[in-house]
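Worksheet: the structure to be examined is printed underneath.
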Amino acid sequence: MKIGIVCYPTFGGSGVVATELGKGLAKKGHEIHFITYSQPTRLDFFNENLFYHEVDIRSYPLFKYPPYELALASKMVDVTKFEKLDVLHVHYAIPHASAAVMAKQILKGEGIDIPVVTTLHGTDITLVGKDPSYEPVVTFSINQSDVVTAVSEDLRKDTFKHFNVLRDIKVIPNFVDLDKFKRQRKDHFKTAICPNGEKLIVHISNFRKVKRVDDVVRIFKNILETVPSKLLLVGDGPERAVVESLCRELNIYEDVRFLGKLEAIEEVLSVADLFIMPSEKESFGLAALEAMACEVPVISSNAGGIPELNIDGVTGFTSEIGNVEEMTQNALHILSEENLESFKANALVEAKKYDIEKILPMYEHAYETALAGVLTV
Ligand code: GMT
């Protein structure tokens with residue numbers, strides 16, 4: 001099948017999922033055409049089935065805001081016609097779904113029927129999408145897509161709650177490559193960070209307010225009072241300076257390392273003992289899944305779709321958003337010698353349910369359904 005994939009090409013979860021999906025489908029023999037404004041971050045190897053088309057955004061003195069959505073729709077029309085695509089798969093509703101629906105209409109006028117599959121990822125529904133400044137367009141593009149998928153049951157329910165959706169939404173959870181994300185005995189790396197056998201605690205995010213990185217730091221400060229540990233903070237974003245100041249204020253800076261935008265996160269996760277995700281909103285929590293695949297238990301909030309992945313009392317614990325005290329107690333419970341190994345083993349068992357090999361066929365089925373729908377219209 002020839003599939004056009006549209007996504008944000010950056011470090012964000014939706015871009016990572018879209019890129020890994022394209023790479024996985026290419027390995028299975030599908031021809032994948034990424035249509036984005038720059039090279040997707042994880043598109044870092046050559047494969048004869050992978051193609052990249054850059055959206056040309058022309059500026060003009062009249063434009064205070066260059067119309068990206070129009071440039072994207074035009075590029076989708078162009079690539080669909082000239083590469084003879086079978087299906088367009090857009091990740092993140094804003095503005096990808098509406099641009100795809102526009103491209104579909106344009107192509108229809110030229111006698112070409114192209115089905116659109118839209119995957120909802122989270123903030124496109126729960127934060128940005130439901131805002132009145134975008135809601136009517138998001139509703140329209142969800143209803144006009146041929147197939148719509150959401151990355152968790154919670155996100156599916158939220159979509160019905162916030163939008164006047166008149167169609168089915170299929171849940172296709174995010175996935176992990178178990179060959180890449182796995183426990184590794186990189187003792188030299190662990191020893192370099194934890195020279196005295198400390199426990200290694202990790203948080204990965206884009207340091208936006210919804211990630212509540214300050215809670216991570218406060219939980220870590222509490223853990224330190226009982227268990228010698230080190231904290232690695234991976235990622236970057238608007239809250240980073242605030243979090244750095246907090247570490248100084250709490251006098252724990254010596255035990256915290258900020259790694260910035262690290263690409264090979266599997267190297268850090270593969271030697272970690274605990275992952276913390278206290279988010280205020282999280283439709284799925286891809287970073288937690290990647291941690292679990294590396295046998296790392298998770299302390300998290302119970303926001304959004306996280307409890308579907310992090311099974312309370314089994315793979316880690318979930319608590320009310322902001323309950324730093326309970327998260328601390330749960331972290332200490334996991335880190336105790338008698339509990340750590342069983343939580344690690346459980347994390348891997350659960351992560352295996354999200355093996356890329358199991359999830360890819362669900363997307364292939366979604367494409368076939370979309371195609372069949374278009375053919376019978
Ligand atoms: O979480 C973010 O800030 C990034 C965002 C994105 O769109 O890139 O992530 C969303 O999609 C990920 C992949 O499906 C999910 O794992 C994240 O939970 C989701 N984030 C939120 O819902 C806040």
Side-chain angles (χ1 to χ4, degrees), residues 2-22 25 32-43 51-57 65-81 83 85-108 114-131 133-151 155-156 158-159 162-163 165 167 169-170 172 174 206 283-284 286 363 366-367 370:
K2 290 187 176 189
I3 305 153
I5 293 187
V6 178
C7 64
Y8 284 105
T10 49
F11 279 89
S14 61
V16 169
V17 168
T19 313
E20 294 298 339
L21 173 65
L25 290 167
I32 306 300
H33 294 262
F34 284 97
I35 306 169
T36 55
Y37 61 74
S38 66
Q39 178 98 4
T41 313
R42 287 200 187 179
L43 200 60
F51 300 84
Y52 160 57
H53 307 269
E54 190 164 306
V55 180
D56 315 302
I57 312 154
Y65 307 104
Y68 175 66
E69 189 173 348
L70 303 189
L72 176 62
S74 299
K75 195 72 184 179
M76 283 193 240
V77 169
D78 178 71
V79 177
T80 303
K81 275 200 313 208
E83 302 291 351
L85 297 184
D86 296 304
V87 59
L88 280 169
H89 185 183
V90 298
H91 292 258
Y92 206 90
I94 306 169
H96 302 153
S98 44
V101 166
M102 197 191 310
K104 182 183 164 81
Q105 292 301 318
I106 295 167
L107 287 159
K108 205 176 179 66
I114 181 94
V116 170
V117 175
T118 294
T119 292
L120 308 172
H121 279 273
T123 47
D124 46 352
I125 295 301
T126 59
L127 204 70
V128 199
K130 70 179 193 197
D131 188 277
S133 51
Y134 294 112
E135 182 278 319
V137 177
V138 174
T139 305
F140 178 76
S141 39
I142 289 174
N143 286 329
Q144 293 297 313
S145 297
D146 295 272
V147 169
V148 178
T149 77
V151 297
L155 183 60
R156 179 180 180 275
D158 259 357
T159 310
H162 297 302
F163 300 86
V165 173
R167 45 122 9 89
I169 297 178
K170 188 171 171 42
I172 302 185
N174 288 333
N206 50 22
S283 66
F284 183 86
L286 183 63
Y363 277 112
Y367 302 149

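Defined by atom type and a distance below 3.5 Å, a donor-acceptor pair is missing between the side-chain atoms of Glu54 and Ser38. Between Thr119 and Tyr92, the side chains place no donor N or O within less than 3.5 Å of an acceptor N or O (distance only, hydrogens not considered).
The existence of a salt bridge linking Lys104 and Asp146 is confirmed by a sub-4.0 Å separation between a basic side-chain nitrogen and an acidic carboxylate oxygen.
Remark: Phe163 pairs with no residue by the ring-ring contact (aromatic ring centres under 6.0 Å, His included) rule, at least two apart or across chains. By the ring-ring contact (aromatic ring centres under 6.0 Å, His included) test, His33 is found to be paired with Phe51, His53, residues two or more places apart in sequence or in another chain being considered.
No option in Val116, Val79, Val90, Thr118 other than Val90 meets the side-chain contact (heavy atoms from CB on, under 4.5 Å) test with Val6. Put simply, the residue from Leu85, Leu21, Leu25, Leu43 that forms a side-chain contact (heavy atoms from CB on, under 4.5 Å) with Ile32 is Leu25.
Asn174 contributes no side-chain N or O that, together with a main-chain N or O of Leu286, makes up a donor-acceptor pair within less than 3.5 Å. One N or O on the side chain of Tyr52 and one on the backbone of Gln39 form a donor-acceptor pair closer than 3.5 Å. Counting only distance, with no hydrogens or angles, the side chain of Asp158 and the backbone of Arg156 share no donor-acceptor pair below 3.5 Å.
Ring-centre distance between His91 and His96: not below the 6.0 Å cut-off. The aromatic ring centroids of Tyr363 and His89 lie less than 6.0 Å from each other.
Heavy atoms of other residues, nucleotides or ligands lying less than 6.0 angstrom from CZ of Phe140 number 12 at most.
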